[in-house]
Amino acid sequence: MSKPAILTGLRANNDLHIGNYFGALLPLIDMAKKQAGTYQILLMMADLHSFSTPIDHTKLHDQIQDNLRTYIAAGLPIEQEDIFLFRESYIPAHSELMHILDCFTGVGEMGRMTQYKDKSAKIGTDRVSMALLNYPPLMAADILLYDTTYVPVGDDQTQHLEFTRDIAQRMNNKFGELFTLPKPAPEQHVFFGKDQGLRIRDLQDPQKKMSKSDESGKGIIFMHDEPQKAAQKIMSATTDSIGMIHYDLEKQPGISNLLQILSLLSGQGLQAVIKQYEGQTQYGPLKSAVAAALEQFLTTFQKAYDEVTDKTLTDKLKKSEETLNSIANKKLALVQKAVGLRG
């Protein structure tokens, strides 16, 4: 890369909801706007990572396209030359470098990864895929192909980032300087900010975060929900019997969740929203305000989404993927030569 690189990505098999939008997507776009020019920003649709656990493959392609359009509709400045939007599987070097890294990675080393242990325990070890075990080497390949400096990672990915540094150093020690090591997790958190902001919770069970695993659909608001029906979900949201509005995530999680959602939708600071409603003895006005703000937000977003043309998306992907294929293939060739695959 001609400038230091920041790489980030989202798995493609998500029907995005407002929790994803405000908790993950907008922070990535804000970061891209602020850092482009100083850094080259690689926004990856992590489609290969998307089926390391079971999914509905008949929906995957449409979900990839939907999520890419959502980036643009949410305000990603795709005209900026330092911002690259691309699909992981469209750059074959990711898969080939993963295999090479696999050859220098221990099975026991991967089996000790916390995320692998947690997910395989839920799926059952007899049904867990090799791709789940292989998740860290593929993530390492994603990062190392571009000499990436910064990777915004949550706590659940910190172990994978440290593996990336370990495998890069292992290869460098054996074959010479092949890879640039990404910054360690503490420096990543300083660069991006450890506080990841507000976390939207399930409308029906505010003790847990909003998740698409909600089978009823009543506690989750998807980005393509019909705006009026989404507003009705707010009006039906679980609150409590205390009868007075206070921001207290333990004692009044439902009310606190609504205050957080209103803060995000309105662009006001949380403290300003709390000050407006603190101590009120009726919950209806707060619910109505959140419902109205949500309806307006979804109407505006969905209009912007519909205005993203196939040509706009295709042109950006084509340009980004051509450039990144060239960069990735040069790095891959360097590694192939080092391990003896090329003369």
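Just so we're clear, the structure is a prediction, and the values are computed from it rather than from any experiment.
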Flag side-chain contact, heavy atom, 4.5 Å: [X] against [Y]:
{"X": "Pro182", "Y": "Thr164", "answer": "yes"}
{"X": "Ile83", "Y": "Pro77", "answer": "yes"}
{"X": "Val151", "Y": "Ile6", "answer": "no"}
{"X": "Ser120", "Y": "Arg127", "answer": "no"}

Just by modelled atom types, is the [Y] backbone N or O under 3.5 Å from a matching donor or acceptor in the [X] side chain?
{"X": "Ser50", "Y": "Ala46", "result": "yes"}
{"X": "Gln276", "Y": "Val273", "result": "no"}
{"X": "Ser236", "Y": "Gln232", "result": "yes"}
{"X": "Glu162", "Y": "Ala185", "result": "yes"}
{"X": "Asn20", "Y": "His17", "result": "yes"}
{"X": "Ser263", "Y": "Leu259", "result": "no"}
{"X": "Gln260", "Y": "Ile200", "result": "no"}
{"X": "Lys233", "Y": "Leu203", "result": "no"}
{"X": "Arg165", "Y": "Leu161", "result": "no"}

>> side chain to side chain contact (heavy atoms under 4.5 Å, CB included) for Glu226 and Gln228? Distances and angles first, verdict last.
In response: CA-CA 6 Å; Glu226 199 281 321; Gln228 289 185 337; 3.2 Å; yes

> Should the pair His160 and Tyr135 be assigned to parallel (<30°), tilted (30 to 60°) or perpendicular (>60°) ring geometry?
Replying inline: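 Tilted, since the angle between the ring planes falls between 30° and 60°.
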
> Relative to each other, are the rings of Phe192 and Tyr150 parallel, tilted or perpendicular (30° and 60° limits)?
Replying inline: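 It falls in the perpendicular class, over 60°.
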
>> By the definition side-chain contact (heavy atoms from CB on, under 4.5 Å), identify the one residue from Arg11, Met130, Lys119 that meets it with Ser52.
In response: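 For Ser52, the side-chain contact (heavy atoms from CB on, under 4.5 Å) check succeeds only for Arg11.
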
>> Can you confirm whether the side chains of Asp47 and His61 place a donor and an acceptor under 3.5 Å from each other?
In response: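 No pair is found: no donor N or O on one side chain lies under 3.5 Å from an acceptor on the other.
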
>> Quiz question: by atom type and distance under 3.5 Å, do the side chains of Thr309 and Thr312 form a donor-acceptor pair?
In response: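 Checked: Thr309/Thr312 side chains pair up, N/O donor to acceptor below 3.5 Å.
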
Rounded to the nearest 0.5 Å, what's the gap from [atom1] on [X] to [atom2] on [Y]? Could you check?
{"X": "Thr148", "Y": "Leu145", "atom1": "OG1", "atom2": "CG", "answer": "8.5 Å"}
{"X": "Tyr277", "Y": "Ile255", "atom1": "OH", "atom2": "CD1", "answer": "11.0 Å"}
{"X": "Leu294", "Y": "Gln296", "atom1": "CG", "atom2": "CD", "answer": "10.5 Å"}
{"X": "Asp56", "Y": "Phe51", "atom1": "CG", "atom2": "CZ", "answer": "13.0 Å"}
{"X": "Leu144", "Y": "Leu181", "atom1": "CG", "atom2": "CG", "answer": "7.5 Å"}
{"X": "His224", "Y": "Asp66", "atom1": "NE2", "atom2": "CG", "answer": "3.5 Å"}

Can you tell me if [X] has over 12 outside heavy atoms packed within less than 6.0 Å of its [atom1]?
{"X": "Lys275", "atom1": "NZ", "answer": "no"}
{"X": "Lys319", "atom1": "NZ", "answer": "no"}
{"X": "Glu250", "atom1": "CD", "answer": "no"}
{"X": "Lys33", "atom1": "NZ", "answer": "yes"}

What closest approach, in Å, do [X] and [Y] show between heavy atoms, and which atom pair accounts for it?
{"X": "Pro253", "Y": "Arg201", "value": "CB-NH1, 4.3 Å"}
{"X": "Tyr90", "Y": "Asn325", "value": "O-ND2, 3.2 Å"}
{"X": "Leu317", "Y": "Arg87", "value": "CD1-CZ, 3.6 Å"}
{"X": "Ala32", "Y": "Leu76", "value": "CB-CD1, 4.2 Å"}
{"X": "Met139", "Y": "Gln157", "value": "SD-OE1, 3.1 Å"}
{"X": "Met171", "Y": "Phe179", "value": "CB-CE1, 3.9 Å"}

>> Given Asn173, which partner from the list Gln169, Arg170, Glu177 fulfils the side chain to side chain donor-acceptor pair (under 3.5 Å) test?
In response: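 Exactly one pass, corresponding to Gln169.
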
> For Asp240, which of Gln252, His246, Lys251 qualifies under side chain to side chain donor-acceptor pair (under 3.5 Å)?
Replying inline: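 For Asp240, the side chain to side chain donor-acceptor pair (under 3.5 Å) check succeeds only for Gln252.
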
>> What verdict does the salt bridge (Lys or Arg N to Asp or Glu O under 4.0 Å) test give for Lys209 and Asp202, after you've listed the backbone C-alpha separation in whole Å, the side-chain angles of each residue and the deciding distance to 0.1 Å?
In response: CA-CA 5 Å; Lys209 70 178 183 179; Asp202 188 280; over 6 Å; no

>> Walk me through whether Lys331 and Asp147 qualify under side chain to side chain contact (heavy atoms under 4.5 Å, CB included).
In response: CA-CA 9 Å; Lys331 177 64 71 174; Asp147 291 324; 3.0 Å; yes

>> I'd like to know whether Phe84 forms a ring-ring contact (aromatic ring centres under 6.0 Å, His included) with Tyr146, so could you lay out the CA-CA distance, the side-chain angles of the two residues, the decisive distance to 0.1 Å, and finally the verdict.
In response: CA-CA 12 Å; Phe84 300 86; Tyr146 308 103; 8.8 Å; no

>> Check Asp225 with Lys229, please: is the shortest side-chain N to carboxylate O separation under 4.0 Å?
In response: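 No.
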
> Are Tyr305 and Leu313 connected in the hydrophobic side-chain network, where two residues link if heavy atoms are under 4.5 Å apart?
Replying inline: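 Yes, Tyr305 connects to Leu313 through the hydrophobic network.
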
> In terms of hydrophobic clustering (I, L, V, M, F, W, Y; side-chain heavy atoms under 4.5 Å; direct or indirect links), are Met113 and Met98 co-clustered?
Replying inline: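 Each belongs to a different hydrophobic cluster.
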
> So, do Tyr39 and Phe191 have ring centers that fall under 6.0 Å from each other?
Replying inline: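 Between Phe191 and Tyr39, which both carry aromatic rings, the centre distance is below 6.0 Å.
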
>> Can you confirm whether or not the ring centre of Tyr21 sits under 6.0 Å from the ring centre of Phe297?
In response: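 Under 6.0 Å, so yes.
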
> So Glu96 and Gln336, side chain to side chain donor-acceptor pair (under 3.5 Å) or not? Walk me through it.
Replying inline: CA-CA 10 Å; Glu96 185 162 351; Gln336 289 170 327; 2.6 Å; yes

>> Does Thr114 form a side chain to side chain donor-acceptor pair (under 3.5 Å) with Gln159? I'd like the steps, not just the answer.
In response: CA-CA 8 Å; Thr114 301; Gln159 197 176 27; 3.3 Å; yes

